[in-house]
Amino acid sequence: MYPALGSPGKCACTPATQASRSRRRPVTVSGVLGEVIEAMLSHAPEERPTIYQVGKALS
């Protein structure tokens with residue numbers, strides 16, 4: 001499973017990414033879809049899930 005899609009309430013992001021999250025509008029979607037969207041909005045490409053990881057999380 002993709003690290004950023006881990007358990008709710010825990011962020012597997014780097015401190016730099018956490019700081020950058022405060023500069024964008026918050027996205028609030030509940031459930032697995034919310035976790036996927038949050039991971040996809042990461043500014044760092046290496047922290048974003050691949051299309052295969054997104055598909056697996058949603059299946």
Side-chain angles (χ1 to χ4, degrees):
M1 182 174 242
Y2 189 71
L5 298 178
S7 60
K10 293 187 178 184
C11 181
C13 305
T14 63
T17 303
Q18 288 174 347
S20 67
R21 287 173 184 254
S22 63
R23 290 184 283 190
R24 67 171 170 80
R25 211 166 126 181
V27 175
T28 54
V29 179
S30 62
V32 175
L33 184 57
E35 294 175 24
V36 171
I37 291 171
E38 190 68 29
M40 292 171 70
L41 291 175
S42 175
H43 289 284
E46 64 274 2
E47 292 182 358
R48 292 184 210 134
T50 64
I51 189 69
Y52 301 108
Q53 292 166 327
V54 171
K56 185 176 179 181
L58 296 177
S59 63

- Task: Over all heavy atoms of both residues, which pair between Val54 and Pro49 is shortest? Give the atoms and the distance, please.
- Result: CG2-CG, 3.7 Å

- Message: Which heavy atom of Arg48 sits nearest to which heavy atom of Gln53, and what is that distance?
- Response: O-OE1, 4.4 Å

- Message: Donor-acceptor check, side chain of Ser42 to backbone of Ala39, threshold 3.5 angstrom: yes or no?
- Response: no

- Query: Does Tyr52 share a hydrophobic cluster with Val32, counting links as ILVMFWY side-chain heavy atoms below 4.5 Å and allowing steps through other members?
  - Reply: no

- Task: Answer yes if Ile51 and Met40 sit in the same cluster of Ile, Leu, Val, Met, Phe, Trp and Tyr residues linked by side chain heavy atoms under 4.5 Å apart, and no otherwise.
- Result: no

